[in-house]
Amino acid sequence: MILFWRSIFRGIVFCGFLLAIQPARAEYKRIQLKVYGMDCELCARGLSASVHRLAGVRSVEVSIKTGILSIELVPGNTFKMSDLRTRVHENGFRPMEATVTASGKFDGSKFEVLGASESYEVPVPESKTADDPEITFTIPAR
């Protein structure tokens, strides 16, 4: 009987270890989005506050001079670029190209941000190694 309970206990501990191990998440880290039409301080603050309410956003900075919206995201986010572009449109602006730093899966020409289920055609980065899943690339305006 003691042997039976030991086996059950070991099985429970083993399952606990398997559940505690989390796979590496693919996610956006930083985004710099060029926003067309952002030339008013009040409007820029409104856009900043609106974007800050998106899930996974840690901080937002807006530069009227350059027209760039800089976003820092929390680790483990499931943020989507499509949600950001929609939010910018809802605030009366037009999202342009974006420079993105993300981690994910790179297969030579296509980079997949698995946590967001989004993928992009990107050129092969010069410093890309198999051990480094993080990449910075530009997404053209749509």
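Basis for what follows: all heavy atoms, side chains included, without hydrogens, waters or symmetry-related copies.
For the pair Thr86/His89, no side-chain contact is recorded, criterion being any heavy-atom separation below 4.5 Å from C-beta on. Between Arg30 and Ser70, the closest side-chain pair of non-hydrogen atoms is not below 4.5 Å. By the 4.5 Å heavy-atom criterion applied to side chains, Val100 and Glu118 are not counted as neighbours.
Transitive grouping of hydrophobic side chains (ILVMFWY, heavy atoms separated by less than 4.5 Å) keeps Ile68 and Phe93 in distinct clusters. Note on Met96 and Val35: separate hydrophobic clusters, where clusters join Ile, Leu, Val, Met, Phe, Trp and Tyr whose side-chain heavy atoms are under 4.5 Å apart, directly or indirectly.
With Met38 as the partner, the side chain to side chain contact (heavy atoms under 4.5 Å, CB included) test is satisfied by one option alone out of Leu47, Asn91, Val88: Leu47. When Thr138, Ile31, Leu33 are each tested for a side chain to side chain contact (heavy atoms under 4.5 Å, CB included) with Thr99, only one passes: Thr138.
One N or O on the side chain of His52 and one on the backbone of Arg58 form a donor-acceptor pair closer than 3.5 Å. Side-chain atoms of Glu112 do not come within 3.5 Å of backbone N or O of Lys105 as any donor-acceptor pair.
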Please determine whether side-chain contact (heavy atoms from CB on, under 4.5 Å) holds for the pair Leu73 and Val57, giving the CA-CA distance in whole Å, both sets of side-chain angles, and the decisive distance to 0.1 Å.
CA-CA 5 Å; Leu73 298 144; Val57 175; 4.0 Å; yes

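Glu72 CD: more than 12 foreign heavy atoms inside a 6.0 Å radius.
Taking both residues in full, the closest heavy atoms of Ala98 and Arg85 are given as CB-NH2, 4.4 Å, listed atom of the first, atom of the second, then distance. For Lys110 against Ser119, the heavy-atom pair with the smallest separation is CE-OG, 3.2 Å.
Here Ile71 contributes atom CD1 and Glu61 contributes atom CD; the two are 11.0 Å apart, rounded to the nearest 0.5 Å. One distance of note links OG1 of Thr66 with CD of Gln32; it measures 8.0 Å at 0.5 Å rounding. Atom-to-atom distance recorded for Lys29:NZ and Ser103:OG is 4.0 Å, nearest 0.5 angstrom.
Using bins of under 30°, 30° to 60° and over 60° for the plane-to-plane angle, the ring pair Tyr28/Tyr120 lands in the perpendicular bin.
Remark: Arg87 engages Glu90 in a salt bridge (charged side-chain N to carboxylate O under 4.0 Å, His left out) (not counting sequence neighbours).
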